Amino acid sequence: MGNRDMQVEVISSVNEACSGKLQHRTAIVVDVLRATTTIATALAAGASCVIPAETVQDAKQLTKEGDLAGGDRFCRQISGFSYGNSPGQYRGKQIEGKRIILTTSNGTRALCKAMRADHIIAASLLNAEACAQLAWELRRDVVILCAGSRDSFALEDGLCAGLLVHCLRQHDRSGMLQVDDFGSAMEALYRNKANVIMETLAQSQTGKKLLRLGQREDIVSCSQINVLQAVPYLNGGSLIQRLPGTIAQTAAPLC
């Protein structure tokens, strides 16, 4: 990127993403409720990697002996899978050292859609600052891809996109950051809701559905801000932990 401006574009849902908006850029994929939160939680718990699968069939084909298969469709755990898409399921010693094969309604589809980007990061409210720092260090234009819900914009993803823009601005000392209009609107949304994050998630369409299903604890888990320092970074087809400040290091081996 050199010394030119860093362009930041926010895409409202996976249905709006096209390869032309992703090439030669860093893609930050956001699915707050719940895929990218679950991925960050699993890697923080010691999973060797998380492999996103677009379909249930893909996930079944990727799962080998010793792997953990997890995922959901429309907020419900997939029949025959050991795990769902609740962050709380991906804590504890049973996660350590495991490959996790994950397929979800929107988040893993967005990660697969982002494959044409130079770098792919999975961001949530839990690790937004670390994700923004790594994206800044990668020195590419940035596309923040909100996974959305059923091909439409999801409030919680827009909130996280706004937080990411806010965090990126903290690294911009010379006015290099150029944010598109939708991104600026999401930043304003975050600033407006910064003190009522959990309540805002609970009022979103996905949040209301989770509450109806008795999964309030997922909303609590997904609403924490900047409690994790590691970034899920796509290396080949696997999401691995990467810390900001390590971009000069050789890529970690595929798991």
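From a predicted model like this one, the values you see are computed outputs, not experimental measurements. Note: hydrogens, waters and symmetry copies are ignored here, and every other heavy atom, side chains too, is used.
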Show the numbers, then the answer: is there a side-chain contact (heavy atoms from CB on, under 4.5 Å) between Leu164 and Cys131? CA-CA 8 Å; Leu164 286 162; Cys131 291; 4.1 Å; yes

Expected list for residues 143-154: side-chain donor-acceptor pairs under 3.5 angstrom, two or more places apart:
| from | atom 1 | to | atom 2 | distance (Å) |
| --- | --- | --- | --- | --- |
| Asp151 | OD1 | Arg109 | NH2 | 2.7 |

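In this structure a side-chain-to-backbone donor-acceptor pair under 3.5 Å is present from Asn127 to Ser124.
No side-chain donor-acceptor contact under 3.5 Å links Thr104 and Asn85. Judged by distance alone, the side chains of Gln133 and Glu137 do bring a donor and an acceptor atom under 3.5 Å apart. Under 3.5 Å, the side chains of His171 and Glu129 contain a donor-acceptor pair of N or O atoms.
In terms of heavy atoms, Leu168 sits closest to Ala135 at CD2-CB, 4.5 Å. Between Glu156 and Thr206, the shortest heavy-atom contact is OE2-OG1, 3.5 Å. The two atoms that bring Ile95 and Ala42 nearest to each other are CG2-O, 3.6 Å, heavy atoms only. When all heavy atoms of Met115 and Ile120 are compared, the pair lying nearest together is CA-CD1, 3.5 Å. A pairwise comparison of heavy atoms in Thr37 and Pro87 identifies CG2-CG, 3.9 Å as the closest pair.
Contact check on Glu187 versus Arg169 returns a salt bridge, with a Lys/Arg side-chain nitrogen under 4.0 Å from an Asp/Glu carboxylate oxygen. Salt bridge Glu54/Lys113: absent, no basic N to carboxylate O contact under 4.0 Å.
Residue pairs meeting the disulfide (SG to SG under 2.5 Å) criterion with at least one member in residues 10-115, sequence neighbours excluded, are Cys49-Cys255.
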